Amino acid sequence: MTEPEKTIRRRHEQTAARPSGQGAGRGFAFHYDENNQEFVLAGVMTPQDTAALAPMSEAFGAAAARLRGTMFLNVKKLLRVNVCGFRELSRLISIACENNPELAIRIITTSVIAWSSRRFERLKSVAPRVEVEQYDDAFYPGQGVLEDTSFVPILRTQTKMTWRHERDILPRHGLKPKMRIADICCGIGDFAALVARTFDPAEVVAVDHAQGSLAYARKVAAELGVRRVEYVHGDAASLLLEDDRFDFVTCRHSLQVFDRPELILKELFRICRPGGRVYISNEKNSHCLGEPRADSIQWSYTEVARLWEHFGMDIELGPKSRRLMMDTGLEDIRMESFMVTNLDGDPQDFADVVAAWESVYVDRMAVERGDSEEFIARFRKGFHDHISAALHPKGYAGWPIWVASGQKPL
Amino acid sequence: MADAQFEDIIRLDMPVGLFAANWSNCDRIATYVARMASIGRQDPPRYSNLFSSVLNELLEIIFCYRAPDGAVAFAVQRHGTTDRIALSVPCDPSAEAFYAAARDSLKSGDSATLMDKALLAEGELDRRLGFWELAVEYGAEIAITPVDGNAMHLIVDLKLEAVAS
Ligand SMILES: C[S@@+](CC[C@H](N)C(=O)[O-])C[C@H]1O[C@@H](n2cnc3c(N)ncnc32)[C@H](O)[C@@H]1O
């Protein structure tokens, strides 16, 4: 494995911390993963005195004495540390660096826990070779594109088009009134708001990592008078939501942006209650189609798939949903596909969405990949032909979506 | 402690004996109260995570410094984006001395330096670290006032929405 690959793997590793350290705080756990040289702290670390942390301190000291190079201190799921615990960490780090001159310590924080990065930054002064990395600053390939708010209007039109279909599809996948629902990677939150209005849920918790999108979501929900939706900043790969909490967990058009979707699916599974269902939707972009000029359109969308792959994402994931769900341990898998077309509503909406794709895929991603002018011209033409097909009086343009759901075993 | 502009969110009175029976009460109460205080905030789990960290620190201080008897009174109040934690703690002389020293140190205005020193100091933990940390990391405004009848009032004003974003 190359270094960057290793980093990505490490970043996406789940914190499988074991319960330990009696008296150190509710649900406090630590564990050391030798392979990744990673020491993981999780839960609430509020010891009354340092003695309560002795097992952790010993394990940390032993690990730090043995290893070479960088030790990763993962605090992504560390919800709280009191001053006693924090001082003990600072002491451990300083001793470790003193005793092992070859050791560097990199503390991995997350922006999801608001105090974390700033507080851990202080530990940089404790010893040389201590670094702090906020791991979600750049943790999936398309983040720069997707967390950019210029994407907002287009997401909204997309949801308007998919909702016409999904409104009828969702009940077939088990959505009923009075359910507790989570929408993970909610984007600008319009789907969560539509679900709240239509399906009379007990609660909806909608999580995304883009603060700009969340701010937009809250504004729109307030304007529309939508209640019972809570928009929460979070990381889908490491959710702070409790196990078994929701009846229905959705994640739409998002597994396809991660290089390891199975890790996200595992989290969706975890927060779903036994008997509840996980519902996902994804695309297979190479199957976008249109008439006239079918060939040009098809060529460009096949290239979209390659382009996404180049950035470590899989826009072809749709039909793979069944396998992914089964591998996660979900049962009673239901799967179907639908085609959003220019005939569904206003054809201009379809055209607008394609124009937005063009600007993201051609002007940003292909340019970033360093594609030639010839390629870019041909690539762009497919989108223009798709727009023409959508607006053509006798034309037809389609965007296929795959939805799948599975039940968490009872 | 009353301030007409502030509205009560939650109020709790507890015999010291009950509160101080178990260290984990600090965490339990902090978690519970933080959940209530985060209702209506923009991102409730994020807010509650911050709020519980702050409250837990205060409760741990009280757990360590208070008279053996009497009652702890405490309230969370709200005025716009400011949340106020108001605590009243019965004190014996050693607790009184601790809070007086804490107040002096906060007045010195250099909580950040004091905090860094205390983090690295050997030996017993200086519990004033809790106050310094609240001031530095959470922008808390802390007022410590002795009151009649051997008690201390702690008033902590927080603008956590700003810290959260
Ligand atoms: C393609 S958009 C889909 C948004 C929405 N579900 C929809 O259908 O419009 C992918 C979303 O995933 C979010 N996202 C990416 N990585 C995330 C992570 N680790 N945790 C939470 N959200 C994430 C992005 O911010 C973006 O809003």
Side-chain angles (χ1 to χ4, degrees), chain A residues 22-28 43-50 52 78-91 93-94 111-127 205-208 211 214-215 217-219 221-222 230-234 239-242, chain B residues 20 22-28 30-32 34 38-61 63-64 112-113 115-134 136-139 160-165:
Chain A
Q22 281 298 313
R26 181 173 38 102
F28 172 63
V44 172
M45 180 173 159
T46 51
Q48 184 166 5
D49 47 40
T50 44
L78 188 59
L79 299 174
R80 192 191 307 158
V81 196
N82 65 3
V83 287
C84 176
F86 199 68
R87 198 173 80 127
E88 178 65 359
L89 283 179
S90 121
R91 192 183 69 86
I93 288 173
S94 122
S111 68
V112 173
I113 297 171
W115 55 262
S116 182
S117 297
R118 202 164 11 140
R119 205 156 157 223
F120 278 105
E121 285 281 332
R122 295 203 98 79
L123 296 186
K124 290 206 292 204
S125 63
V126 161
V205 177
V207 178
D208 201 277
Q211 289 282 20
L214 289 172
R218 291 186 191 114
K219 191 174 99 218
E230 214 166 70
Y231 291 103
V232 174
H233 183 231
L239 292 166
L240 301 182
L241 300 164
E242 302 94 324
Chain B
N22 198 330
W23 179 254
S24 66
N25 284 342
C26 302
D27 168 41
R28 292 221 179 90
T31 304
Y32 173 77
S38 68
I39 295 172
R41 290 307 187 194
Q42 215 175 51
D43 187 329
R46 195 171 171 83
Y47 195 87
S48 137
N49 175 260
L50 283 171
F51 193 97
S52 62
S53 294
V54 170
L55 183 53
N56 178 67
E57 221 58 78
L58 289 168
L59 295 174
E60 288 189 359
I61 289 173
F63 191 99
C64 299
T113 312
M115 176 169 125
D116 283 343
K117 275 204 197 125
L119 265 183
L120 291 175
E122 302 275 329
E124 275 288 293
L125 169 65
D126 183 343
R127 287 265 161 207
R128 292 179 299 170
L129 178 56
F131 285 124
W132 300 331
E133 198 163 291
L134 297 195
V136 175
E137 302 289 2
Y138 302 87
L160 293 177
E161 293 270 45
V163 180
S165 58

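Keep in mind that this is a model prediction, so the values were computed, not measured. Chain identifiers are assigned alphabetically (A, B, ...) following the order of the sequence lines, protein sequences preceding nucleic acid strands; residue numbering begins at 1 within each chain. Below, each value reflects all heavy atoms present in this structure, side chains not excepted, and no hydrogens, waters or symmetry copies.
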Residue list, ring pair (Phe, Tyr, Trp, His ring centres under 6.0 Å) with B:Phe63, at least two apart or on another chain: B:Phe19, B:Trp23
Contact check, side chains of A:Thr46 and B:Cys26, non-hydrogen atoms, under 4.5 Å: no
A:Cys84 side chain reached by B:Glu60 side chain, heavy atoms, under 4.5 Å: no
Which atoms of B:Ser53 approach chain A - backbone, side chain, both or neither, heavy atom under 4.5 Å: both
Chain A contact via B:Ala112 - side chain, backbone, both or neither, heavy atoms under 4.5 Å: both
Identify the two heavy atoms, one from [X] and one from [Y], that lie closest to each other, and give their separation to 0.1 Å.
X        : Y        : result
A:Arg87  : B:Leu125 : NH2-N, 3.5 Å
B:Glu57  : A:Val83  : OE2-N, 3.2 Å
B:Asp116 : A:Arg122 : OD1-NE, 3.0 Å

Is it true that a side-chain atom of [X] and a backbone atom of [Y] form a donor plus acceptor pair closer than 3.5 Å?
X       : Y        : result
B:Asn49 : A:Leu79  : yes
A:Arg91 : B:Leu120 : no
B:Asp43 : A:Val232 : no

From CZ (B:Arg46) to OG (A:Ser111), nearest 0.5 Å: 6.0 Å
Straight-line distance of A:Glu230 CD to B:Arg41 CZ, nearest 0.5 Å: 13.5 Å
Looking at [options], which makes the most heavy-atom pairs under 4.5 Å with chain A?
options                                : value
B:Val163, B:Leu119, B:Val136, B:Leu129 : B:Leu119
B:Gly130, B:Pro44, B:Ser24, B:Ala30    : B:Pro44
B:Ser52, B:Cys64, B:Ala118             : B:Ser52

Partner residues of A:Arg119 under the salt bridge (charged side-chain N to carboxylate O under 4.0 Å, His left out) criterion, sequence neighbours left out: B:Glu133
Which atoms of A:Val205 approach chain B - backbone, side chain, both or neither, heavy atom under 4.5 Å: neither
Chain B contact via A:Arg118 - which portion, at a heavy-atom distance below 4.5 Å: both
